[in-house]
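Worksheet: the structure to be examined is printed underneath.
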There are 2 protein chains.
Amino acid sequence: MRLTTKGRYAVTAMLDLALHAQHGPVSLADISERQGISLSYLEQLFAKLRRGNLVSSVRGPGGGYQLSRNMQGIQVAQVIDAVNESVDATRCQGLGDCHAGDTCLTHHLWCDLSQQIHEFLSGISLADLVTRREVQEVAQRQDLRRCNNKTQLLDKIETSAVE
Amino acid sequence: MRLTTKGRYAVTAMLDLALHAQHGPVSLADISERQGISLSYLEQLFAKLRRGNLVSSVRGPGGGYQLSRNMQGIQVAQVIDAVNESVDATRCQGLGDCHAGDTCLTHHLWCDLSQQIHEFLSGISLADLVTRREVQEVAQRQDLRRCNNKTQLLDKIETSAVE
DNA sequence: CTATTCCCGAGTGTTTAAGTCAACTATAAG
DNA sequence: CTTATAGTTGACTTAAACACTCGGGAATAG
């Protein structure tokens, strides 16, 4: 089992996508800037997310990525899985041939653990995360900082005036 | 977070130790043979387990390793921790400075996950594992195979006659 | 003394993560 | 049509870690 920056980046980027979905496609450049993730690395991750049917892309100016279904239908476990970070804790991928063709002493322990983690991460959708208060606070801070940095205030003021 | 062969080996070896504790110290050579783990690698792992006060050693012929407390007092989480495989799933080790000195979008998610895993693995002691039926079956198979392989039947027959 | 066993450090091959670079293709806007 | 935007792809690099191996020690039971 492995849970590193790779899977965390993927979930973070997907959440960023969900948070900014209302203004059309989101470019990787925006996500890169807001979340501090290398653009080229994001490209690699989104290639996998696309293959996993979690996002769809729009090319050209104004393009970017969109969630391929609604937020309720995308679980954290699926995102991590899509970027090849298995949540499985066994050595044998659950097959039970971990020691000389037989189950090893601790096989069942790792099976139980895998199931535990999988259930936990399968029970959380992007929609769940978006509605969490802590997430909203962080998102707001990130959007504000971005406005100050890039003096895109006009754009933001217009947007909030419309709302 | 990382859970690889390293942590799995450590738990397996500790469980082997617990299962064979009644006959005095257990040598790493025995564990290596029974569990199919490289002896030199076991030495490295047990150096860490020793530093973590989970085992104590007896040098010289007939020596080996013993659990430093009873089986009930040693949890799986402690073993994994001792060999430097953190169960923490956050990037920031829970500090909350994962993105430019602030919490990242998904910080709380990984905190929750870490807690989930830690609670699970802290709730399982070596004693719990030893009494599990699947573990006993595997252990029995391993002991039998070893007898056949090495023709140490005499030794085993004596042992069971004494019991 | 000698065989056994733990102890320790140094080194090695492989894999992977994480990131870079460069050269594409598709498309919206002027 | 041109141009700038933005996704798409592949090759490459760097660093770290895992999973070992090897060689020489030090302690101790017989």
Side-chain angles (χ1 to χ4, degrees), chain A residues 1-13 17 20 23-33 35-52 54-68 80 82-86 89 91 98-99 104, chain B residues 1-13 17 20 23-33 35-52 54-68 80 82-86 89 91 98-99 104:
Chain A
M1 140 138 219
R2 200 183 297 126
L3 183 51
T4 64
T5 307
K6 195 176 187 178
R8 283 194 292 262
Y9 276 177
V11 176
T12 302
L17 212 57
H20 299 86
H23 304 303
V26 182
S27 75
L28 293 189
D30 284 359
I31 299 180
S32 167
E33 195 188 331
Q35 305 305 331
I37 306 173
S38 138
L39 177 57
S40 298
Y41 198 42
L42 272 178
E43 285 171 351
Q44 285 179 41
L45 295 181
F46 271 80
K48 294 187 176 184
L49 294 172
R50 194 162 170 269
R51 262 172 250 142
L54 294 177
V55 296
S56 59
S57 64
V58 180
R59 286 184 160 197
Y65 283 93
Q66 295 170 317
L67 299 180
S68 62
I80 294 178
V83 293
N84 297 346
E85 290 221 307
S86 172
R91 175 182 217 182
C98 15
H99 179 210
C104 69
Chain B
M1 141 138 219
R2 198 182 300 127
L3 182 53
T4 65
T5 307
K6 196 176 187 177
R8 283 194 292 262
Y9 275 177
V11 176
T12 302
L17 213 57
H20 299 86
H23 304 302
V26 182
S27 75
L28 292 189
D30 284 358
I31 298 179
S32 167
E33 197 188 331
Q35 305 305 330
I37 307 172
S38 137
L39 178 57
S40 298
Y41 198 42
L42 272 179
E43 284 174 349
Q44 286 177 41
L45 295 181
F46 272 80
K48 294 187 175 184
L49 294 172
R50 194 160 170 271
R51 261 172 252 143
L54 295 176
V55 296
S56 59
S57 63
V58 180
R59 285 183 161 194
Y65 283 93
Q66 294 170 319
L67 299 181
S68 62
I80 294 177
V83 293
N84 296 346
E85 289 222 309
S86 172
R91 177 181 215 182
C98 16
H99 179 209
C104 69

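Below, all heavy atoms of this structure are taken into account, side chains as well, without hydrogens, waters or symmetry copies. Every chain is numbered from 1 and lettered A, B, ... according to where its sequence line falls, protein lines coming before strand lines.
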### Task
State, yes or no, whether a side-chain contact exists between B:Leu45 and B:Lys6 at a heavy-atom distance under 4.5 Å.
yes
### Message
Without decimals, in angstroms, what is the distance between A:Lys48 NZ and D:dG7 C1'?
### Response
18 Å
### Message
Checking contacts here: which listed nucleotide (D:dG25, D:dT21, C:dT20) is nearest the side-chain heavy atoms of B:Arg59?
### Response
D:dG25
### Task
State whether the side chain of A:Ser32 and the backbone N or O of A:Ile37 hold a donor-acceptor pair below 3.5 Å, judged by distance alone.
yes
### Message
Between C1' on D:dG7 and OH on A:Tyr65, what's the gap in Å once rounded to a whole number?
### Response
5 Å
### Query
So what does B:Tyr9 touch, heavy atoms closer than 4.0 Å: a base, only the sugar-phosphate, or nothing?
sugar-phosphate
### Query
So does A:Gln44 reach the base of C:dT20 with its side chain, donor to acceptor, closer than 3.5 Å?
yes
### Query
Can you tell me if the side-chain N/O atoms of B:Ser57 get under 4.0 Å from OP1 or OP2 in C:dC7?
yes
### Query
Is the distance from OP1 or OP2 of D:dA17 to the nearest side-chain N or O of B:Thr4 less than 4.0 Å?
no
### Message
Please find the pair of heavy atoms, one from B:Leu67 and one from B:Leu17, that lie closest to each other, and give the distance.
### Response
CD2-CD2, 3.7 Å
### Query
Nearest-Å distance, CG (A:Leu3) to P (C:dT16)?
17 Å
### Value in whole Å for how far the P atom of C:dA18 lies from OH of A:Tyr41
4 Å
### Query
Just how far, in rounded Å, is C1' of C:dA18 from CD of A:Glu43?
14 Å
### For atom CZ of B:Arg50 and atom C1' of C:dC7, their distance in whole Å
8 Å
### Task
Report which part of the nucleic acid A:Phe46 touches: base, sugar-phosphate, or nothing (heavy-atom distance under 4.0 Å, all strands).
nothing
### Query
Taking for each residue the nucleotide of DNA chain D bearing the nearest heavy atom, is the 5' side occupied by A:Ser27 or by B:Arg2?
A:Ser27
### Summary
Contacts of A:Gly7 and B:Gly64 projected onto DNA chain C by closest heavy atom; the upstream (5') one is B:Gly64
### Message
If you assign B:Arg51 and A:Val83 each to the DNA chain C nucleotide with the nearest heavy atom, which residue ends up on the more 5' nucleotide?
### Response
B:Arg51
### Query
Does B:Thr5 have a side-chain nitrogen or oxygen under 4.0 Å from the phosphate oxygens OP1 or OP2 of D:dA19?
yes
### Message
Parallel, tilted or perpendicular, judged at 30° and 60°: which one describes the rings of B:Phe46 and B:Tyr65?
### Response
tilted
### Query
In whole Å, what is the span from the CZ atom of A:Arg8 to the P atom of C:dA17?
12 Å
### Summary
Scanning both residues in full, the closest heavy-atom pair of B:Arg8 with B:Leu3 reads NH1-O, 3.9 Å
### Task
Would you kindly give the CD1-to-C1' distance between B:Ile31 and C:dC6, to the nearest whole Å?
12 Å
